[in-house]
Amino acid sequence: MSLTQKPEVHIELPEEKQNFDPILFENGNVQVNTDFIRIGSTTYPIANISSISVLSVGDRGKEMLAYAAICFVGGFLLSVGLKSFPTFVLGIFCTLFCLLAAFNKWSNFHYLLSFQNSSGTVQALKGKDLSFLQQIKEAIEKAVVIHHRIR
């Protein structure tokens, strides 16, 4: 071996580390591998995660939708049943108000992916797509198991 040649370095990985793809999940700005979670520009080490969950935040507004349906029917009957113009306008406004209130209540609902690490609880990602967040959660759980198995 001459001085210009680089010595060959061979690192033996544990058998489990050799037989899997280190990227367990990748979609958009979210990447999960056996060592880190990357969400946007923030990186979280897998070694520090002790628990993970997907929570529903807000109310789906089932009660509000029932209330809106009752008010809608009442407003519609008020606007059609009485022949005076002011009552008709009041009924239309009542109907529109109830629909907007129900939509606003429904649109505030979302899911939150959070996990417990050495720093406390991290609210990592929120969204309306439950299956997407569940896939990320499952990938993180798998990464935690693999990480602890090979360490």
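Note that the structure is a prediction, hence the values are computed from the model and not measured.
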Query - pair E138-L24: side-chain heavy atoms closer than 4.5 Å - result: no

Query raised in the report: Would you say T43 and I37 make side-chain contact, with heavy atoms under 4.5 Å?
Result: no

Query raised in the report: Are Y44 and F115 an aromatic pair by the rule of ring centers under 6.0 Å?
Result: yes

Query - Any I23 side-chain heavy atom under 4.5 Å of Q31 side chain - result: yes

Requested in this report: Measure the spacing between OG of S51 and CG of N117 and express it to the nearest 0.5 Å.
Outcome: 9.0 Å

Query raised in the report: Can V145 be reached from I52 by stepping across I, L, V, M, F, W or Y side chains whose heavy atoms are under 4.5 Å apart?
Result: no

Query raised in the report: Hey, any chance I39 and F36 share a hydrophobic cluster, counting ILVMFWY side chains that come within less than 4.5 Å of each other, even indirectly?
Result: no

Report task. Would you please test N33 and R38 for side chain to side chain contact (heavy atoms under 4.5 Å, CB included) and show each step? Result -> CA-CA 9 Å; N33 65 32; R38 287 185 185 86; 3.7 Å; yes

**Report entry** From OG (S118) to CD1 (I49), nearest 0.5 Å
**Finding:** 9.5 Å

Query raised in the report: So do L55 and Y111 actually touch side chain to side chain, heavy atoms under 4.5 Å?
Result: no

Query raised in the report: Is I46 reachable from V122 through a run of hydrophobic residues whose side-chain heavy atoms are each under 4.5 Å from the next?
Result: yes

Query raised in the report: Taking atom CD of Q134 as the centre, does the number of heavy atoms from other residues, nucleotides or ligands within less than 6.0 Å exceed 12?
Result: yes

Query raised in the report: Between Q116 and T121, is any side-chain donor less than 3.5 angstrom from a side-chain acceptor?
Result: yes

Query raised in the report: Side-chain contact, heavy-atom cut-off 4.5 Å: V54 with L112?
Result: no

Query raised in the report: If you round to the nearest 0.5 Å, how far is CG of N27 from CD of Q135?
Result: 7.5 Å

Requested in this report: Please examine the side chains of D35 and H147, heavy atoms only from C-beta on, and report whether any two atoms are closer than 4.5 Å.
Outcome: yes

Query raised in the report: Hey, does V30 have a side-chain heavy atom less than 4.5 Å from the side chain of L125?
Result: yes

Query - Salt-bridge present (K137, E141; N to O < 4.0 Å) - result: yes

Query raised in the report: Are L133 and F25 grouped together when hydrophobic residues (ILVMFWY) are joined by side-chain heavy atoms under 4.5 angstrom apart?
Result: yes

